[in-house]
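Read the structure below first, then the notes.
Every chain is numbered from 1 and lettered A, B, ... according to where its sequence line falls, protein lines coming before strand lines.
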2 protein chains.
Amino acid sequence: MKRKVTLKQIAKELDVSISTVSKSLRNSLEISEDTRQKVQAFAKLYNYKPNNIALSLKNKKTKTICIIIPEIIHHFFATVISGVEHVANENGYNVLVCLSDESFDKEVINMEMLASGSIDGFIMSLSKETQQKKDFHHITEVINQGMPVVMFDRVTNEILCDKIIIDDVHAAHNATQFLIDKGLKKIALITTVDYVSVGKLRTDGYKKALKSNDIDINENLILKIEDTEDFDHYIEELLQNNDIEAIFAVNELFAVTALKIANKLGKNIPEDISIIGFTDGIISKYSTPSITTVSQNGIKMGGKAAKMLIDRLESEDEEEEQYKTEVIETELVERESTKN
Amino acid sequence: MKRKVTLKQIAKELDVSISTVSKSLRNSLEISEDTRQKVQAFAKLYNYKPNNIALSLKNKKTKTICIIIPEIIHHFFATVISGVEHVANENGYNVLVCLSDESFDKEVINMEMLASGSIDGFIMSLSKETQQKKDFHHITEVINQGMPVVMFDRVTNEILCDKIIIDDVHAAHNATQFLIDKGLKKIALITTVDYVSVGKLRTDGYKKALKSNDIDINENLILKIEDTEDFDHYIEELLQNNDIEAIFAVNELFAVTALKIANKLGKNIPEDISIIGFTDGIISKYSTPSITTVSQNGIKMGGKAAKMLIDRLESEDEEEEQYKTEVIETELVERESTKN
DNA sequence: TTGTGTTTCGAAAACGTTTTCGTGTTGAAA
DNA sequence: TTTCAACACGAAAACGTTTTCGAAACACAA
């Protein structure tokens with residue numbers, strides 16, 4: 001087991017100073033050709049690699065960014081990480097992943113912990129609890145310390161920083177309009193409770209579409225689901241008690257669950273009921289029938305977020321406080337769960 | 001924007017030495033009650049947090065572990081990360097995620113990069129390319145430097161280190177036996193090419209089960225799929241040209257694809273064909289019909305891997321070169337794609 | 001010989017900690 | 001008055017780098 005070799009050790013072996021070794025390795029002209037050769041050969045022989053931690057301390061840059069997400073099991077968040085990782089890697093950055101588990105406390109602890117030098121910046125999507133509490137002090141604090149933050153997907157207006165979002169209202173409006181255009185009127189909505197920002201926005205989009213087509217909003221057709229609860233029977237009730245022609249679900253899980261329950265109740269998809277989901281994950285793709293869905297490109301979001309963060313990190317000099325919010329295009333992916 | 005405060009600054013403000021500040025904050029009895037109070041109050045006021053990088057440099061510990069996986073989009077790997085992250089967090093460690101994209105080079109570059117001080121240890125699952133090349137020098141090198149490595153799932157016998165695996169042969173044997181016990185004999189296998197370690201092992205298990213039940217192995221019923229290719233038509237051929245009663249697929253994607261194609265060909269699942277998959281992901285769960293599957297608990301694997309790594313990190317003193325291989329139990333989760 | 005310039009290198013500071021060891025002050029015991 | 005311990009604190013080294021600045025050595029011209 002050969003331990004890592006340091007500048008000091010090389011210097012001692014070759015009987016020169018540490019500075020000489022350092023300069024030689026960086027090919028400084030200050031050092032004679034001869035010495036440089038000698039040092040470089042020796043360093044190569046012993047497989048010298050500069051210690052990253054020491055460099056970080058000196059440069060006050062860790063070349064590491066942290067992404068904080070509520071859950072990694074959700075396919076969407078996994079794709080975002082993938083996007084972040086690739087762009088980060090291309091630019092010489094590493095990615096630290098933190099899971100908040102939808103918990104405010106974990107989010108706070110992680111941020112405070114890492115803000116003390118460990119990383120150069122954050123990419124994050126708010127936990128449900130944080131959105132509910134509307135307590136963002138940990139984020140403002142980090143930003144005030146001069147550490148850049150990029151928020152994506154679950155964002156808040158109360159924080160000024162770079163953001164990457166999709167136009168949830170518009171996307172939901174489109175999806176609902178798509179159903180209406182097929183001649184469907186009794187469209188149910190399966191959504192989350194309002195404090196989840198994207199759930200609220202998608203609900204708004206749904207309502208907007210109905211209104212602009214002069215369809216009355218029937219609150220009985222709107223099912224708001226708490227995240228923690230077992231929601232199968234609510235959906236079952238919804239389907240049984242109403243003569244529904246279509247369902248718009250604000251996430252994949254709701255969509256596929258609705259599909260399964262509809263099946264169970266003897267309804268044919270899409271003949272009896274059309275279904276549109278949100279977030280183009282593998283469930284929608286491989287479900288039978290496959291589910292028409294609003295696709296939000298996680299890889300793209302992650303990539304853009306990483307790019308924004310890195311851009312800000314590398315131009316820190318010009319201190320441009322112009323925060324940008326970038327809107328990623330969504331796409332309606334038509335599959336088997338909606339009629340032609 | 002108030003920058004981070006350091007010991008030096010506090011020392012200067014209070015007109016004491018850096019040592020005094022440091023000791024006061026650590027509540028050393030060397031320092032008078034008075035001074036301690038004063039320093040602590042000041043530190044709290046200015047929200048002092050020790051710089052992690054400086055600590056890392058001093059302690060030669062980063063409290064960060066790295067997990068290298070081929071892909072994060074695969075649900076199984078995402079669950080592993082989840083397991084790793086939770087255990088790591090409980091023990092005060094952070095998790096750096098690297099994606100090899102199944103590429104040997106990326107794996108090598110990432111490892112070499114991070115081995116220079118950035119992290120304390122690795123958890124990894126080999127990329128396909130690495131398994132194919134059988135070149136593991138980057139891993140032995142890291143281990144020789146004294147950095148612990150824990151391998152999981154896709155491992156190799158050529159490296160001596162801690163490992164977390166499932167008994168792929170046994171699990172595949174069980175699954176196949178399960179089908180046989182239902183009275184099914186014409187059992188097709190959809191697997192990967194042999195250099196993927198787990199694919200090979202699962203194939204072995206399948207064959208073993210057939211043999212022990214005196215069923216001839218029909219190579220026409222064994223489909224080996226290259227990862228990169230578009231494999232739908234191969235499966236279609238397999239199903240068309242043979243009178244198949246059951247399918248055992250070595251991963252979820254193969255299983256659900258087979259299911260969809262069987263459906264397309266007018267076969268009923270499970271009446272005409274029973275299907276068992278491997279890896280209990282969301283696809284199997286939400287597919288219609290849902291797919292019976294061999295469940296490998298990724299969260300558990302990740303958690304165990306993290307535990308093993310951290311244990312080794314924290315007992316480095318006693319230098320026990322006893323490498324362990326832990327086998328995680330699999331479970332056959334019965335769903336709708338197999339007959340009762 | 002003196003002055004000037006160039007080449008080559010090393011000392012030391014800096015990044016932010018922790019910790020060892022030394023030292024000055026105080027109080028009490030002899 | 002002297003001696004010794006206890007107390008309170010600071011200097012400095014250490015972790016591994018990079019970089020600034022100074023200086024030695026040498027060459028060459030005047």
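- I109(B) has its side chain out of reach of N89(A): every pair of non-hydrogen atoms, C-beta onward, lies at least 4.5 Å apart.
- What separates CG of L55(B) from C1' of dT19(C) is a distance of 13 Å, to the nearest Å.
- Here K4(B) lies out of heavy-atom contact (under 4.0 Å) with every strand.
- Rounded to whole Å, atom P of dT19(D) lies 16 Å from atom NZ of K60(A).
- When the P atom of dG16(D) is taken as reference, atom CD1 of I53(A) falls 12 Å away, rounded to whole Å.
- Atom CZ of F136(B) sits in a crowded spot, with more than 12 heavy atoms from other residues, nucleotides or ligands closer than 6.0 Å.
- Heavy atoms from other residues, nucleotides or ligands lying under 6.0 Å from NZ of K304(B) number 12 at most.
- Atoms CG (D34(A)) and C1' (dC9(C)) sit 14 Å apart, rounded to a whole Å.
- In this structure, the CG atom of N52(A) is 15 Å from the C1' atom of dC15(D), given to the nearest Å.
- Within 4.0 Å (heavy atoms only), L57(B) reaches at least one base atom of the nucleic acid.
- Looking at heavy-atom distances under 4.0 Å, L7(B) makes contact with a base.
- The residues D311(B) and K307(B) are annotated as salt-bridged, a charged nitrogen and a carboxylate oxygen being separated by less than 4.0 angstrom.
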In B/S/- notation (B base, S sugar-phosphate only, - none; protein heavy atoms under 4.0 Å), nucleotides 4-14 of chain D written 5' to 3' is ----BBBBB-B
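- Regarding N59(B), its CG atom lies at a distance of 17 Å from the P atom of dG16(C), rounded to whole Å.
- Distances shorter than 4.0 Å separate none of the side-chain N or O atoms of R26(A) from OP1 or OP2 on dT17(D).
- Here D153(B) pairs with nothing under the salt bridge (charged side-chain N to carboxylate O under 4.0 Å, His left out) rule; sequence neighbours left out.
- Protein atom NZ of K38(A) is 13 Å distant from nucleotide atom P of dT8(C), rounded to whole Å.
- Regarding K61(A), its NZ atom lies at a distance of 16 Å from the C1' atom of dT17(D), rounded to whole Å.
- Residue T6(A) is in sugar-phosphate contact alone, with no base atom involved, counting any heavy-atom pair closer than 4.0 Å across all strands shown.
- Take F76(A) and apply the ring pair (Phe, Tyr, Trp, His ring centres under 6.0 Å) test, not counting sequence neighbours, and it matches no residue.
- The closest side-chain donor-acceptor pair between E13(B) and Q9(B), if any, does not fall under 3.5 angstrom.
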